[in-house]
Amino acid sequence: MQLVALHRLLDFAVSEALAGNVDDSVLEGVVILTRMVGHKVRLVANRVLGSDASSRDD
């Protein structure tokens, strides 16, 4: 559920930026949300694939 909410917030922030409603706070939000989504995706992937999934990528 958190991942879906973060994705929707990121979608909104990027849409605002593309519409020309850009200021520092929107860009900071995009960066923060992108990092949070990436972090959540890694957590979910590790849980689904097992704890040794990160070592397989090396």
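Residue numbers run from 1 in the order of the sequence given.
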Could you report the tightest heavy-atom contact between His7 and Val37, atom names first, then the distance? N-CG2, 4.2 Å

Atom pair CG/CZ of Leu6 and Arg35 - distance to nearest 0.5 Å: 14.5 Å

Any link between Leu43 and Leu49 through a network of hydrophobic side chains (Ile, Leu, Val, Met, Phe, Trp, Tyr) touching at under 4.5 Å? no

Minimum heavy-atom distance between Leu10 and Val30, given as atom pair plus value: CD1-O, 3.8 Å

Going by side-chain contact (heavy atoms from CB on, under 4.5 Å), name the residues that satisfy it together with Asp23, two or more places apart in sequence or in a different chain. Ser25, Val26

Please tell me whether Val4 and Val14 are part of a single hydrophobic cluster in this structure, the criterion being side-chain heavy atoms less than 4.5 Å apart. no

I want to check something: taking the side chain as every heavy atom from C-beta on, are Val31 and Leu27 in contact at a cut-off of under 4.5 Å? no

Hydrophobic cluster membership, with links at side-chain heavy-atom distances under 4.5 Å among I/L/V/M/F/W/Y: are Ile32 and Leu9 in one? yes

